[in-house]
Amino acid sequence: MLDPDGHRWTLRSQMEWRQPDDVDDFEHDVSASSTSAFVLFGLIIVLAVVLVVAIPEDVVAPWSGRMLWLGLLIVLTILFFPTRWALRRPWRVVAETGDNGEGEPVERWVGSVRGVFTVRQQLRQVARDIHVDGHPSIEGPLQPVVEPVA
């Protein structure tokens, strides 16, 4: 993509499998390990088993068997959390322009965005900002990276 000055910008995003160091969400600072997730998952399984075992025989289900609809509901409930986790992963967004002669960009902006749909929206917004202003907006998720002088 070209900015008003004719510089070519490259926009890219990549899903982060680990929490970035710069994410300052309180929710993630509190949970340092995955132990609580395993405890909650075990609790969901125990409650699902108790629910299936405790249903009286005279309950009439709308489908052919009471276990079919209940099993489907339990599976959907359990699949909700991994799906939400996958859709809410943090993404690293990078905007670069120029070449310093060694293959490195002259100007680089980096930021972190959470969620698949938010990443697409932010990439469109950054592209629009570059097209209009010649650089990403400082008020957006991207911040300029200052390279240390060697």
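Below, all heavy atoms of this structure are taken into account, side chains as well, without hydrogens, waters or symmetry copies.
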Transitive ILVMFWY side-chain link [X] to [Y], under 4.5 Å:
X: Val75; Y: Phe81; answer: no
X: Val93; Y: Ile138; answer: yes
X: Trp85; Y: Val119; answer: yes
X: Phe41; Y: Phe80; answer: yes
X: Val106; Y: Val145; answer: no

Single hit among Arg114, Arg88, Arg89, Arg92 for salt bridge (Lys or Arg N to Asp or Glu O under 4.0 Å) with Glu16: Arg92
Give, for atom [atom1] of [X] and atom [atom2] of [Y], the distance between the pair rounded to the nearest 0.5 Å.
X: Gln122; Y: Ser137; atom1: CD; atom2: OG; value: 9.5 Å
X: Arg120; Y: Phe117; atom1: CZ; atom2: CZ; value: 6.5 Å
X: Trp9; Y: Trp109; atom1: CH2; atom2: CH2; value: 6.5 Å
X: Glu139; Y: Gln125; atom1: CD; atom2: CD; value: 10.5 Å
X: Asp3; Y: Arg8; atom1: CG; atom2: CZ; value: 10.5 Å
X: Ile45; Y: Leu40; atom1: CD1; atom2: CG; value: 12.0 Å

Please name the pair of heavy atoms, one in [X] and one in [Y], separated by the smallest distance, quoted to 0.1 Å.
X: Met15; Y: Trp91; result: N-CE3, 3.5 Å
X: Ser112; Y: Pro141; result: O-CB, 4.2 Å
X: Leu123; Y: Ser13; result: CD1-OG, 3.8 Å

So do the side chains of [X] and [Y] get within less than 4.5 Å of each other, counting heavy atoms only?
X: His135; Y: Ile130; value: no
X: Glu107; Y: His7; value: no
X: Val126; Y: Leu142; value: yes
X: Val94; Y: Arg108; value: yes
X: Thr97; Y: Pro105; value: no

